[in-house]
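Here is the structure we will look at, set down as structure tokens.
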Amino acid sequence: MTATQLLTQEIQQLLDCDLGESALQLAELECKPRLTDRRLSPSERLVLLRSYSACLDAQKQHRTSLRVITEFISGADRGQLTADELEEVARDIAAQRWRLGEHDLCLAQLRQIPRTHRTTADVARMARCAGLIRSPDASEL
């Protein structure tokens with residue numbers, strides 16, 4: 001196992017034991033600095049980002065989580081991620097928008113995922129968002 005895998009596993013165990021504050025402290029000490037470490041592959045940094053984001057979510061810090069994800073994807077790593085990884089990041093951003101009640105932005109984010117790659121959950125969330133914001137294309141979804 002790599003150091004990244006061990007770290008994310010340790011964080012997940014803390015979250016599973018309802019030790020969210022401890023998990024967040026570990027993520028801030030270990031994951032956050034590694035997000036900018038160019039010695040790690042973009043895929044590894046994405047795994048660390050997801051662990052850090054999960055810790056923030058566990059502490060109901062959704063706005064901070066959204067900011068961290070957005071900063072990461074807006075950087076140089078965007079071009080080095082695969083299409084599948086970019087779609088997963090889009091789903092993560094949409095989930096944060098949903099939690100924050102930003103249904104119009106959630107819908108816009110999910111529309112960035114190619115139609116043929118959308119999951120049933122994506123389409124269901126899009127329909128709920130469209131219904132909540134009374135979008136004219138809600139019936140299409």
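The analysis underlying the following values was restricted to heavy atoms, covering all of them including side chains, and did not include hydrogens, waters or symmetry mates.
- Remark: the Ser51 side chain and the Gln12 side chain contain no N/O donor-acceptor pair separated by less than 3.5 Å.
- Looking only at side-chain heavy atoms (C-beta outward), Tyr52 and Glu30 stay at 4.5 Å or farther from each other.
- The minimum heavy-atom distance between Arg125 and Ala95, with the atom names listed, is NH1-CA, 3.3 Å.
- Of the possible polar contacts, one joining the Thr70 side chain to the Leu66 backbone as a donor-acceptor pair under 3.5 Å is found.
- Put simply, CG on Asp92 and CD on Glu87 are 12.0 Å apart, with the number rounded to the nearest 0.5 Å.
- The residues Asp104 and Arg97 are annotated as not salt-bridged, no charged nitrogen and carboxylate oxygen being separated by less than 4.0 angstrom.
- Taking all atoms of both residues into account, the shortest heavy-atom contact from Pro42 to Gln80 is CG-OE1, 2.9 Å.
- Looking at Glu28, its side chain never comes within 3.5 Å of a backbone N or O of Gln25 through a donor-acceptor pair.
- Under the 3.5 Å distance criterion, the side-chain polar atoms of Asp122 are matched with a main-chain donor or acceptor of Thr119.
- From Leu7, atom CG reaches atom CD of Glu44 across 11.0 Å, with rounding to the nearest 0.5 Å.
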Is there a salt bridge (charged side-chain N to carboxylate O under 4.0 Å, His left out) between Arg63 and Glu102 once you walk through the steps? CA-CA 11 Å; Arg63 179 78 52 202; Glu102 298 173 349; 2.9 Å; yes

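- Put simply, the side chain of Leu35 reaches to within 4.5 Å of the side chain of Val68, judged on heavy atoms.
- To the nearest 0.5 Å, atom CG of residue Leu100 and atom NE2 of residue His62 are 7.0 Å apart.
- Looking at Gln96 and Cys106, their side chains never come closer than 4.5 Å, going by heavy atoms from C-beta outward.
- Between the side chain of Thr8 and the backbone N or O of Gln5, at least one donor-acceptor pair lies under 3.5 Å.
- Annotation: side chain of Leu24 is in contact with side chain of Gln61 (closest heavy-atom distance under 4.5 Å).
- For the pair Ile73/Ile93, a side-chain contact is recorded, criterion being any heavy-atom separation below 4.5 Å from C-beta on.
- Taking the charged nitrogens against the carboxylate oxygens, Glu88 and Arg50 do have a contact shorter than 4.0 Å, which makes a salt bridge.
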Evaluate Arg45 against Asp37 for salt bridge (charged side-chain N to carboxylate O under 4.0 Å, His left out), listing each step before the verdict. CA-CA 8 Å; Arg45 290 196 307 269; Asp37 186 351; over 6 Å; no

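- Minimum heavy-atom separation, Leu15 to Ala23: CD2-CB, 3.7 Å.
- Rounded to the nearest 0.5 Å, atoms CZ (Arg111) and CG (Leu107) are 4.0 Å apart.
- Following chains of ILVMFWY side-chain contacts shorter than 4.5 Å, one cannot reach Ile69 starting from Trp98, and the two form parts of different hydrophobic clusters.
- Put simply, OG on Ser53 and CG on Leu46 are 10.5 Å apart, with the number rounded to the nearest 0.5 Å.
- Using a 4.5 Å cut-off on side-chain heavy atoms (C-beta onward), Arg118 and Met126 make contact.
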Would Phe72 and Val89 count as a side-chain contact (heavy atoms from CB on, under 4.5 Å) here? Give the steps. CA-CA 10 Å; Phe72 178 82; Val89 170; 5.6 Å; no

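- Closest heavy-atom contact between Ser43 and Leu81: N-CD2, 4.3 Å.
- Both Leu26 and Leu48 are assigned to one and the same hydrophobic cluster, defined by single-linkage of ILVMFWY side chains at heavy-atom distances under 4.5 Å.
- Put simply, SG on Cys55 and CD on Glu21 are 10.0 Å apart, with the number rounded to the nearest 0.5 Å.
- Using a 4.5 Å heavy-atom threshold, the side chains of Ile11 and Cys31 count as touching.
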